[in-house]
Amino acid sequence: MDKLTADDVSELGNLFRDAAIALGDWRIKNRAGLSRAQWDELDEREITLLNTASSLYTSAVGLILEDSQAALARLQSSVKSAKSAVHRIAIFKEALDLASALVFLAGAITSGNVAVIPAAVVALEDAAAAIVDSEDSGA
C-alpha cells in the first residue's frame with residue numbers, strides 16, 4: 001500500500017467527523033427509544049469518532065509540514081519570534097495583536113485547516129515585526 005498523503009489523511013478525518021455528526025444526529029432523533037446506557041454508549045462512540053477525526057487532521061498537518069522542511073522552519077521561526085516579541089510589548093494593542101495571531105495559528109493547526117496555516121504564520125510574523133519595529137523606532 002502506498003503512503004497516505006496529507007489530503008488522504010485529511011479526507012479520512014472528514015469522513016470520521018461526518019460519521020460522528022451523523023451518529024449524534026441519529027442519537028438525538030431516536031432519544032425516546034434509547035435507554036440511558038445506550039445513549040451513553042453512543043455518546044462515547046461519537047466522542048471517539050470526533051477525537052479520531054481531530055487526530056487525523058493533526059496527522060495531515062504533520063504530513064504537510066514533513067513534506068516541506070522550509071514550511072516547518074518558518075513556522076518554528078515565527079513562533080520563536082513571537083515569544084521574543086512578548087518581552088518587547090510596549091502597549092496593549094501590541095499584546096492583543098500578538099495574542100490574536102498566536103490564537104489564530106494555534107486554531108489553524110489544531111483544527112487541521114491546513115489552508116489557513118500560511119495566513120496564520122504571516123499574521124504572527126506581522127504582529128511580532130510590528131512590536132520589534134515599534135521598539136526600534138522608539139515608540
Side-chain angles (χ1 to χ4, degrees):
M1 178 177 200
D2 292 338
K3 181 180 173 185
L4 293 175
T5 67
D7 288 339
D8 295 334
V9 175
S10 184
E11 181 57 30
L12 283 172
N14 289 340
L15 293 171
F16 277 100
R17 186 199 66 228
D18 292 347
I21 291 168
L23 181 62
D25 290 346
W26 184 90
R27 184 171 53 99
I28 290 168
K29 182 179 173 185
N30 293 282
R31 175 181 291 170
L34 298 173
S35 70
R36 178 65 185 187
Q38 290 171 322
W39 176 268
D40 290 345
E41 185 174 347
L42 287 174
D43 182 57
E44 191 175 304
R45 301 284 169 95
E46 182 182 352
I47 291 168
T48 299
L49 287 170
L50 289 169
N51 287 336
T52 300
S54 180
S55 293
L56 287 168
Y57 293 136
T58 301
S59 295
V61 170
L63 285 172
I64 287 169
L65 292 176
E66 185 178 289
D67 290 343
S68 175
Q69 288 301 315
L72 178 58
R74 184 172 177 195
L75 179 63
Q76 290 171 331
S77 174
S78 296
V79 174
K80 285 178 184 174
S81 293
K83 186 177 176 184
S84 173
V86 167
H87 301 292
R88 299 174 176 203
I89 292 172
I91 59 173
F92 174 74
K93 183 183 178 329
E94 291 174 346
L96 188 59
D97 289 348
L98 186 62
S100 296
L102 283 165
V103 169
F104 181 32
L105 179 60
I109 291 170
T110 58
S111 73
N113 191 346
V114 296
V116 176
I117 291 173
V121 168
V122 169
L124 184 56
E125 290 172 342
D126 290 349
I131 292 168
V132 172
D133 290 346
S134 74
E135 183 184 62
D136 291 345
S137 68

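In this chain, numbering begins with 1 at the start of the sequence shown.
Heavy-atom minimum distance, E94 versus I131: CB-CG1, 3.7 Å. Residues A123 and F104 share a closest heavy-atom pair of CB-CD2, 4.0 Å.
Atoms CG and CG, from L34 and D43 in turn, are 11.5 Å apart once rounded to the nearest 0.5 Å. For the atom pair F16 CZ and N51 CG, the distance stands at 12.0 Å (nearest 0.5 Å). The structure places CD1 of I117 at 12.5 Å from CG of L124, a figure rounded to the nearest 0.5 Å. The distance from the CG atom of L98 to the NZ atom of K83 is 13.0 Å, given to the nearest 0.5 Å. To the nearest 0.5 Å, the span separating CZ on R17 from CG on L50 amounts to 9.0 Å. D25 contributes atom CG, which lies 11.0 Å from atom CG of N30 (distance to the nearest 0.5 angstrom).
The main-chain N or O of K80 is never found under 3.5 Å from a side-chain atom of S84 such that the two would form a donor-acceptor pair.
Hydrophobic cluster membership is shared by W26 and I28, with clusters built from Ile, Leu, Val, Met, Phe, Trp and Tyr side chains linked at under 4.5 angstrom. Grouping the Ile, Leu, Val, Met, Phe, Trp and Tyr side chains by contacts below 4.5 angstrom, directly or via other members, places L23 apart from I21. Two different hydrophobic clusters hold V132 and L105 under the rule that ILVMFWY side chains link at heavy-atom gaps under 4.5 Å.
The side chain to side chain donor-acceptor pair (under 3.5 Å) analysis of residues 116-125, with sequence neighbours excluded, yields the pairs R74-E125, S78-E125.
Applying the salt bridge (Lys or Arg N to Asp or Glu O under 4.0 Å) test to D126 and every residue at least two apart in sequence or in another chain returns nothing. Partners of R31 by salt bridge (Lys or Arg N to Asp or Glu O under 4.0 Å), not counting sequence neighbours: none found.
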